[in-house]
Amino acid sequence: MMASLTDLEGRLAGLGLDSPFPDVPAANALTKPIDIYRLHLASLIASTLECDVAAAYEAILTATDLTLADLAVVVPKLKPKDVKDIKEFAVELVQKLPTSPLYAVPYPDGVQLRFFFSQKTLPLLMLPYIRERGTTYGEDHAQGLRDPSNPEGEKKKVIVEFSSPNIPGEFNGTHLRSTIIGSFVAKMHECMGWDVVRMNYLGDWGKDLALFAIGWEKYGSEEALEADPLDHIMEVFHKIKADFQPEMDASKQAKNENKSTAEIESEGIFAQRDGFFKKLEDKDEYALAFWKRFRDIALAKLEPAYARLGVTFDEYSGESQPLQETMTEIEATLTASGVLLESDGSQIINFENHGNKGLGTVIVRARTGSSTYFLRDLAAAVDREKTHAFDKMIYVVASKQNSHFQQIFKTLELLGREDLAVKLQHVNFGDITGMAPHLKKTMSLGQMLDECAEIMQAEEAKLEEDGSEKQGEGEDDTAAANDEVGSDPAAVGGLLSLDLFGKRSHGYAFDKKRMAAEEGDSCRTIQREYANLVSVIAKLKGSGGDETGGGEDASPDHAVLQRDESIDLLRMMAQYPDVTAATFKSLEPHGLLSYLSRLVEASAAELDDDNAGDEDGAGPSSAAPEEDTAESRKAKLVLYESVKQVLGHGMNLLGIPLCDE
Ligand code: ARG
C-alpha cells in the first residue's frame, strides 16, 4: 500500500509533475485517485487566478457522463472578480492555464471547463495505484476512526440490525429485503473502516409465540416436527390462528362500536394466549423451555439459509432479550413526567400531547400487564447502548414501520435521551409484491431460495433456447462458463437483480423474466463477466507469459493500453472510490450496481476487442501483430486483474456471489 503522500508525489514526479500536493483537508489522494487530478488541477487554477486552492478544489466535479469529460470545473464557483461574461472568462481561462502531464487540453462548455485525463499518463498512474491499494481499493478506513488523525486509534462502532424474522411466522418479503439490504449496509460500513456488529432481532417473544404455544398443545406432533420442523410449526400456527379468528373479529367489532373489549378478551383463546404470555414474562420454567426449544429449532434452519445468501450475524438477539428492569425504569420515568397515560386498562402515550399529532398513540403496556413490541424495542435500544457502546445503530426495516421508529425516537427524546435518539437511524425500503403466489401458505428463507433457483433454471433455459434459435456464429460462448445454472449463486444473482435495482423506497414485483435478464443492471451479467475475466486472466498467465520468461517479471508495455477501450476502463476504475463514498452516504445500493454494470460493459468491450485482435491475427487483418509481446501481455494482465479486483470488490459489497471461486 502506498505509504504516504510523499511516496505518491515521488511517483508523480516521475510523470513530470513536480509541484507538491496542496493542503486541502477535504481531499484524500491516497484513497481516491481522482483527488490526485483534482488537487493538481486546483493548484493550477489557484496559481493562475490567485484564488484559494480549497475553493478551487470544491469547484471541480467528477463527471457523471464519461463521454463528455472526466472532470468539470464549474467556473462560477471560482467566484472570479470583476467578470462580466462568465462564458468568455471560461474561454480565457483555458488559454491561461498551463499545460499538464495529467490532462489533455480542456474545452469550455458554457460555464464549465471540461477536462479529460491524459491518456498517456493514465495507465502509469492508475495501474500501480490500484495494485498497491489491493483489496482495499475503494475503501476509506479513516472514515470510521473516532479520531481521524490517529489511524491506530479506536474505530467507531455501528450496530446494523437486520433480517429479524418472527418465530413462529413466515419469512416474508420484508425479511428478505431487510436481509439483503442490511448485509449491504453492514459491508458499506466495514468498507469505511467502522467496527460492525450484525444483529438479528428475532421476533421470538410476544402474543404470537404465546398463541403458537396454545396451538402446540392442541395440534403439535413430535413426528411431524421431526420430519419438517418449519413446515409443521407453520401448520400449527395457521390452525390456531384460524380457531382464534372469530374471537379476534368479535373484539374488533366491539372496538369499532366503541365498546370495551375487556370481557371478550378475558375468555377463550384470548385468555389462554395472554395467560401463556404472562407466564413467559414471569419466567415460568415450562414457558421458557418452550420458547427456547422453538427458537433453537427455527435458528438451526435459518442459519444455513443465511449462509446460502452469504449473510452472517454476530448476534442473534430478539424480542426476548430486553431487560424487564429497563422496561420498568422507562415506564417509571414516563409516568413521573406525565407522558404515560392510562386508557381502558392499558398504558399509552398520546403523541398529540407532545406536538406530534401525526404519530397518534401507542400502547406501551397491555391491559394484561404484558410488554408490547413498542416497549421491548425501546428497552432494547437502551440496553444495547449499555452493552455495546455504539456510535450508531441502524434498523433495516420496511417502510411500513416508519411511524413505529418515529415513535421510538420521539419517546427516547421524551425520556430525556436525545443523546441516544441521535445515534439511531431507520434505513427503510418498500415491499415486494406478487411474491410466489402459489406458495402463499408457508415460506421459509430456504424455500424462497429454492424457488429462486428453480426460476433461474427455467428462465435461463428459455433464454438459451431463444439464443440458439437466433444465434449466428461468433456469439460469446465463454459467457456461461463456470456458471452452474440453478445453483445458489445464480439464484442469488437473479434475486439481487430485482432487489438492488431501484431506490430502496421503491417496492418491486417478483418478475421472473427480469431475474434472468441479461440487459439492464443485471447481476447475472456481472457474474458472468467476472467469470470471464477469471478465465481470460488464467489464459494470459498460462499462455506463454511464464515460458517466455515475460510473465511476472516483464515490465508492462503500457503503449498497448492506449486504445479507447482500455482507457475507458481505467477512467471508470479511477471513479470507483468516489462511487463507494457516495454509496456510503446514501446507503442506496442501486448507484453501485449501475456503476458495476457500466464497468462490465466496458470490460466486455475491451475483452471483445482483444479477442477479435487475436482472431484477426490468425488471418489477414488489420490487427497489429507486434502488440503481442510478453510486455504487452503483462500490461493487459495487470489491467484485467485490476478490473477483476474492482468488480469483485463491488460485487462483495452488494452481496453478488462470484460464480467461479
Ligand atoms: N420482527 C419484526 C417484523 O417481522 C421486525 C423487527 C424490526 N426491528 C425492530 N427493532 N423493531 O416485523
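The structure displayed is predicted, hence computed values, not measured ones. Note that ligands are numbered from 1 as they come in the structure, with each ligand's atoms numbered from 1 the same way.
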Looking only at non-hydrogen atoms, find the nearest pair between L280 and A287 and report the distance.
CD1-O, 3.4 Å
Smallest heavy-atom separation, I269 atom then E247 atom, equals N-OE2, 2.9 Å
Do R514 and F501 meet the cation-pi criteria used here (NZ or CZ under 6.0 Å from the six-membered ring centre, within 45° of the axis)?
yes
Can a cation-pi geometry be assigned to R384 and Y201, taking NZ or CZ under 6.0 Å from the six-membered ring centre and within 45° of the ring axis?
yes
Close N/O pairs between ligand 1 and protein, under 3.5 Å:
{"from": "ligand 1", "atom 1": "1 (N)", "to": "S164", "atom 2": "O", "distance (Å)": "2.9"}
{"from": "ligand 1", "atom 1": "1 (N)", "to": "N166", "atom 2": "OD1", "distance (Å)": "2.6"}
{"from": "ligand 1", "atom 1": "4 (O)", "to": "N166", "atom 2": "OD1", "distance (Å)": "3.3"}
{"from": "ligand 1", "atom 1": "4 (O)", "to": "N166", "atom 2": "ND2", "distance (Å)": "3.0"}
{"from": "ligand 1", "atom 1": "4 (O)", "to": "H175", "atom 2": "NE2", "distance (Å)": "2.7"}
{"from": "ligand 1", "atom 1": "8 (N)", "to": "E161", "atom 2": "OE2", "distance (Å)": "2.7"}
{"from": "ligand 1", "atom 1": "10 (N)", "to": "E161", "atom 2": "OE1", "distance (Å)": "2.9"}
{"from": "ligand 1", "atom 1": "10 (N)", "to": "E161", "atom 2": "OE2", "distance (Å)": "3.2"}
{"from": "ligand 1", "atom 1": "10 (N)", "to": "D377", "atom 2": "OD1", "distance (Å)": "2.8"}
{"from": "ligand 1", "atom 1": "10 (N)", "to": "D377", "atom 2": "OD2", "distance (Å)": "3.3"}
{"from": "ligand 1", "atom 1": "11 (N)", "to": "Y373", "atom 2": "OH", "distance (Å)": "2.6"}
{"from": "ligand 1", "atom 1": "11 (N)", "to": "D377", "atom 2": "OD2", "distance (Å)": "2.6"}
{"from": "ligand 1", "atom 1": "12 (O)", "to": "Q401", "atom 2": "NE2", "distance (Å)": "3.0"}

Would you say the side-chain atoms of D249 and Q253 include a donor-acceptor pair closer than 3.5 Å?
no
Qualifying salt bridge (Lys or Arg N to Asp or Glu O under 4.0 Å) pairs, either residue in residues 182-195, two or more places apart
E190-R198
